[in-house]
Amino acid sequence: MLTDTLARLLADAYSFEHRRALVSRGAVIDEELWSQLSELGIFSAFVSEEQGGFGGTLLDCGVVMQELGRVLCMEPVIALALAPMRLLAALDLEDMLDAQMSGRSRFALIDGRNLKGDELFTGSVRSVEGAPGATAFLLRTPDDGLAVIDAEHPRVKVSAFRMVDGRVAGDIEIDVVPAGLVASNCGEAFDKVKAEIAVVEQWFELGSMLVATESTIGYVSERRQFGKELAQFQTVQTAVAEMAVACEEAKASTTLAAIALDAATDAAQMDRACAGGQLRLSRLCERVASSAVQLHGGMGVSEELPIAAHYRQSVAFRSRNSTAQTARQTMANAVVASGLFASSAIMGGLE
Amino acid sequence: MTVAVLSPEQTKFRKEVREFLAEHLPEELQQAQQRVSGVYPEPEVSLAWQKILHEKKGWAAPAWPAQFGGPGWDGVERFIFETECALAGAPLVYPIGIRLVAPVVQAFGSDYQKTEWLPRILDGTDYWCQGFSEPGAGSDLAALSSRAQKQGDGYVVNGSKIWTTHAHHANRMIALLRTEDTERRQEGITAFGIDLTAPGVEIRPIISIDGEHEVNEVFFTDLQVPLSAQIGEEGQGWKIAKYLLEFERGTGLFAGRLRSSLKRIERVARELGRIEDPEILCDLGELTAEIDCFEMLEFMTLSAVEPGESPGPVASVLKLRASRLKQAISQLGIKILGDEALRFDADSDSMTGTLVAEALSARAATIFGGAAEIQLSIIAKSLARI
């Protein structure tokens, strides 16, 4: 239901031309779309009912993110809405959660474990997604506390840049800035949100993969060379079939990651859900995105069509959160060495 | 530890399966399955297990509807059952009769075939093989030329079949034979259930890449086949073959088997101290992620299929992924062995011979049951619609 409404909204309000216009005018947030998404209830859907949301599961959340991925939405929905809400809800910080849900605040999470200080912090944090649009930062302190830093503070400097997938981010310089501690022992909550965000990004990428595949099928069915449609050539058919196989697998991979992370009860299970999904999807999206470009020929490497942007999205996916190599190591250490690999991924153990 | 996707009833069923396995799976059958490197275990292993499943629980044919003596399980129950069996190291029940021929008989067979054939498949009296490929008809199955000529009350069969797995153990074959020369080659093909003990049948072994005898060539010379052996209508053979192949490709429930192969090579890696190599450990991690994902794909497919139904063209995706994964796992087995792999034939007590033979025999996984290229063509037409 929510997904259908969202799909219709995005079809109207977030065309590829519109997206291009946002980039060229250097927009940080598309305020009109942002308020429409907020009205739709996207931002609060994944907070529990007791906390004023709709209690959606990670799977529900993934399905919504898939729609945003289909249109390569650059808005910092994950960084400035989903992530802070999940964290604030997990820590039960009611007032801040209300401020975030009502739109009065837009928090961005920053991992400040490398910063110096305990009440006054100094140091830099690179590549914080959504930072230029944040009103305040939720800082993970070196001793796993949660502190709030005002983004407008004169000694906070945010150098904005656009990421390879078009999203906005910033490098943050903090020079002896006061931060109010609002919670302590937040390490687990931070890790959980980080894992959830990684899984949600997998769903976003899935949306992009599905559209890239659909577009490729459309293109090879119409484009004629040597007097016939490209789809008549067997090498092309094979390449498209491999894309379709990768998409089927990607659907299974993202579904598994969402269900398994929601059900995880220890760190090894979280790692298996999150890193397993990251690794699998990294492989699958690389294959789909590069085949989509290849089968579009010159059009695939130009800005005439969204295909090049889908490719850039896949590059961003494979660099953000964790690379395939890191995910491989996590699988090796947390899942193989622990013996967890020997049990079913979806049924878990019995006791 | 929580169960991610099962209802309380399903969890209860899972416990029942586990308890049954703990009580009734004999250690010698478990060990025999550990040593299997080819496609199927030998009949003395698989039939012994089939008999236990059949007699103790009526569980020998997980996909059969209740009316034919099956447990009438839905897709999820079958998934639970197969996963638990595989992870417990139970032998693979020989699938040709139970998984492939039986659904065809249930959907297309005569009343006679249903009452005479099905019980003998279930209790292991009859051992079926599959006679599809011919020397001139491999991937291009419709080119088959072995002929069934109408004569009196039955047919006379001449020709030959090739790559027939376990024909040397079988007493029955489901055979595709040409009954008519039609313009569209597919329309002249009819399916039969042939008695291989009748005069006019000769079976010659073919030795495979791993040195084993699993497949055969089968020759028919003036073999008399009664009318009652014809399955479905004359000319319906192609449709029946496609139906059977969807079961072959899509209902194997391979994830548990693949995971138990991974467990096998992981154990060898530990025994040889190769697990200390970070690259080997990462390779095992990557294959775990692949199997986890494949398990979900199978689960999602199966949970949408009713008892006795075929999964449709998505079966080709499962077949393609399962066969490639089987190859990837067994290749990692070779990598783990290092130069131990050279001692293919020398160490009869170690797992070396089994793992090398598995890696060799796994090459066939992307060839039989419709080569990978055929699966991709089916996927291009059906899933991608080009």
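Numbered from 1 within each chain, the chains take letters A, B, ... in sequence-line order.
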In Å and rounded to the nearest 0.5 Å, what is the [atom1] to [atom2] distance from [X] to [Y]?
X	Y	atom1	atom2	answer
Leu279(A)	Glu286(B)	CG	CD	4.0 Å
Cys293(B)	Arg280(A)	SG	CZ	5.5 Å
Asp292(B)	Met331(A)	CG	CE	5.5 Å
Gln375(B)	Thr238(A)	CD	OG1	12.5 Å
Met243(A)	Ile379(B)	CE	CD1	13.5 Å
Glu249(A)	Leu297(B)	CD	CG	6.5 Å

Flag yes if more than 12 heavy atoms outside Lys56(B) fall under 6.0 Å of its NZ atom; otherwise flag no.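 Open.
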
How about Glu188(A): does its CD atom have over 12 heavy atoms from other parts shown lying under 6.0 Å from it?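 No - once you tally the heavy atoms of other residues, nucleotides and ligands closer than 6.0 Å, there are 12 at most.
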
Of all of [options], which one pairs up most often with chain B through heavy atoms under 4.5 Å apart?
options	result
Gln325(A), Arg283(A), Gln329(A)	Arg283(A)
Ala241(A), Gly276(A), Ala231(A)	Ala241(A)
Thr255(A), Thr330(A), Asp262(A), Val335(A)	Thr255(A)
Ala342(A), Ala275(A), Ala337(A)	Ala342(A)
Lys251(A), Glu242(A), Glu214(A), Gln234(A)	Glu242(A)
Gln232(A), Gln278(A), Gln237(A)	Gln237(A)

Residue [X] versus chain B: region with a heavy atom under 4.5 Å:
X	result
Ala252(A)	both
Ser221(A)	side chain
Glu229(A)	neither

Contact part of Arg267(B) toward chain A, heavy-atom cut-off under 4.5 Å: side chain, backbone, both or neither?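 Contact with chain A is absent: no heavy atom of Arg267(B) under 4.5 Å.
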
Determine the sole option in Ile280(B), Leu284(B), Asp283(B) for which the side-chain contact (heavy atoms from CB on, under 4.5 Å) test with Val336(A) is passed.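 Answer to the side-chain contact (heavy atoms from CB on, under 4.5 Å) test with Val336(A) among Ile280(B), Leu284(B), Asp283(B): Leu284(B).
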
Under a 4.5 Å cutoff for heavy-atom pairs, which residue among Glu373(B), Glu266(B), Arg321(B), Met300(B) has the most contacts with chain A?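 When all of Glu373(B), Glu266(B), Arg321(B), Met300(B) are compared, Arg321(B) has the most.
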
Can you tell me which of Leu87(B), Ile80(B), Thr83(B), Leu281(B) forms the most heavy-atom pairs within a distance under 4.5 Å of chain A?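 With the most close heavy-atom pairs to chain A, the winner is Leu281(B).
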
Side chains of Phe299(B) and Met347(A), heavy atoms from C-beta outward: is any pair under 4.5 Å?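 The answer is no; the side chains never approach within 4.5 Å.
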
Side-chain contact test, heavy atoms from C-beta onward, threshold under 4.5 Å: evaluate it for Phe341(A) versus Lys263(B) and give yes or no.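 SC-SC contact between Phe341(A) and Lys263(B) confirmed.
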
Could you tell me whether Arg328(A) and Glu290(B) make a salt bridge, using a distance below 4.0 angstrom between a side-chain N and a carboxylate O?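 No, this pair does not count.
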
When you check the side-chain N and O atoms of Ser344(A) and Glu295(B), is any donor under 3.5 Å from an acceptor?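 On atom types as modelled, these side chains qualify, holding a pair under 3.5 Å.
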
Tell me the closest heavy-atom pair linking Glu248(A) and Leu383(B), and the distance in Å.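 The pair with the smallest heavy-atom distance is CG-CD1, 4.1 Å.
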
